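The structure under discussion appears below in the form of structure tokens.
Keep in mind it's a predicted model, so treat the numbers as computed, not measured. A, B, ... follow the sequence lines: proteins, then strands. Residue 1 opens every chain.
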Amino acid sequence: SQKIEQNSEALNIQEGKTATLTCNYTNYSPAYLQWYRQDPGRGPVFLLLIRENEKEKRKERLKVTFDTTLKQSLFHITASQPADSATYLCALEAGANNLFFGTGTRLTVIP
Amino acid sequence: NAGVTQTPKFRVLKTGQSMTLLCAQDMNHEYMYWYRQDPGMGLRLIHYSVGEGTTAKGEVPDGYNVSRLKKQNFLLGLESAAPSQTSVYFCASSSGFMEQFFGPGTRLTVL
């Protein structure tokens, strides 16, 4: 069965720096990968989708890369702000329009 | 648009009791999903539906039943609640091969 690992449970960075979150997966070749943001007590909110034939996707201060050889996705937040503090979830396409979610990385941006 | 709504927001059950969680979406989405989220486990798919009148099992379906009698509603039932079903339950919907839209969650405690 597929397995997803997100680099760490928690990541602390200084305001203004770039946050880099890692998502590694095994035993699968997803057609696409998604990233979600989840704030405490709320449901996840979609951020970005990247397909297997795309190397990189950008949206404002967010950038996602997808390396199907390494079976890895990197999620970057540039010029990070305290408001970016949240848990970020990686999700793989798992067939039949389903997603398989990682456990998430809790990001804290320190002012 | 309200998006995805869930009823109730909180519930406490005793072991053996039954209950139904209601999910409603107003985006005319074909796909609907029920997940549970537990600390350290991430989001796990319980059941899903690819259209009105259809349901299918996800990763952790045991102890749950679902129904999709109307396109906009997806019900999750617990026939005989167990303490292991204490969790936060999220409903989501999607138009297919795209991002999922999540509800605010239901926090269920089984004593």
Side-chain angles (χ1 to χ4, degrees), chain A residues 1-10 21-28 30-54 57 59 62 64 73 75 86-106, chain B residues 2-7 9-10 21 23-25 27 29-51 54-61 66 68 74 76 87-108:
Chain A
S1 61
Q2 63 267 56
K3 183 179 177 182
I4 301 179
E5 287 185 356
Q6 295 196 238
N7 56 329
S8 60
E9 281 193 21
L21 284 63
T22 304
C23 176
N24 294 298
Y25 60 93
T26 59
N27 300 331
Y28 199 64
Y32 57 83
L33 185 150
Q34 300 183 12
W35 284 88
Y36 287 78
R37 168 182 173 143
Q38 187 174 23
D39 291 289
R42 306 185 74 126
V45 174
F46 171 80
L47 295 174
L48 282 167
L49 179 152
I50 185 165
R51 302 184 191 282
E52 60 179 339
N53 60 347
E54 298 175 316
K57 206 79 169 284
K59 179 182 176 183
L62 308 180
V64 173
S73 175
F75 177 80
T87 295
Y88 292 86
L89 307 174
C90 167
L92 302 183
E93 173 269 331
N97 200 42
N98 291 340
L99 293 174
F100 187 75
F101 282 84
T103 54
T105 296
R106 188 173 66 252
Chain B
V4 178
T5 58
Q6 293 183 232
T7 309
K9 289 186 169 50
F10 303 93
L21 281 67
C23 176
Q25 53 98 2
M27 295 173 282
H29 285 165
E30 289 293 334
Y31 296 79
M32 295 188 75
Y33 312 84
W34 275 107
Y35 294 90
R36 60 177 290 174
Q37 188 173 40
D38 303 290
M41 300 291 289
L43 282 160
R44 292 182 293 168
L45 184 64
I46 304 171
H47 285 280
Y48 65 99
S49 169
V50 300
T54 75
T55 63
K57 293 180 181 179
E59 183 186 357
V60 289
V66 287
R68 183 105 180 263
F74 196 28
L76 178 71
S87 188
V88 181
Y89 292 85
F90 288 101
C91 176
S93 71
S94 170
S95 60
F97 301 103
M98 299 290 285
E99 68 266 31
Q100 294 185 9
F101 293 82
F102 284 80
T106 294
R107 187 172 296 275
L108 174 66

- What's the spacing between B:F102 CZ and A:Y36 OH if we round to 0.5 Å? 5.5 Å

- Message: Let's test your reading of the structure: which of A:T87, A:L48, A:T103 forms the most heavy-atom pairs below 4.5 Å with chain B?
- Response: A:T103

- Which residues share a salt bridge (Lys or Arg N to Asp or Glu O under 4.0 Å) with A:E52, sequence neighbours left out: none

- Query: Do you know which two heavy atoms are closest between B:F90 and A:G43, and how far apart they sit?
  - Reply: CE2-CA, 3.3 Å

- Does any pair with a residue in residues 40-50 of chain B pass salt bridge (Lys or Arg N to Asp or Glu O under 4.0 Å), and if so which ones, sequence neighbours excluded? B:D38-B:R44

- Message: With a 4.5 angstrom heavy-atom cut-off, is it the side chain or the backbone of B:L43 that approaches chain A, or both, or neither?
- Response: both

- Item | Proximity breakdown for B:F101 and chain A, heavy-atom pairs closer than 4.5 Å | neither

- chain A interface, residue from B:G42, B:G103, B:P39, B:A92 that has the most non-hydrogen pairs under 4.5 Å: B:G42

- Query: Given a strict heavy-atom distance threshold of 4.5 Å, which part of B:Q37 is in contact with chain A: side chain, backbone, both, or neither?
  - Reply: side chain

- Pairwise distance OH(B:Y48) to CG(A:L99) - rounded to 0.5 angstrom: 12.0 Å

- Minimal heavy-atom distance between A:Q34 and B:E99, with the atoms involved, is OE1-CA, 3.8 Å

- Task: Quick one: pull up CD in B:Q100 and CG in A:N98 and give me the separation to the nearest 0.5 Å.
- Result: 7.5 Å

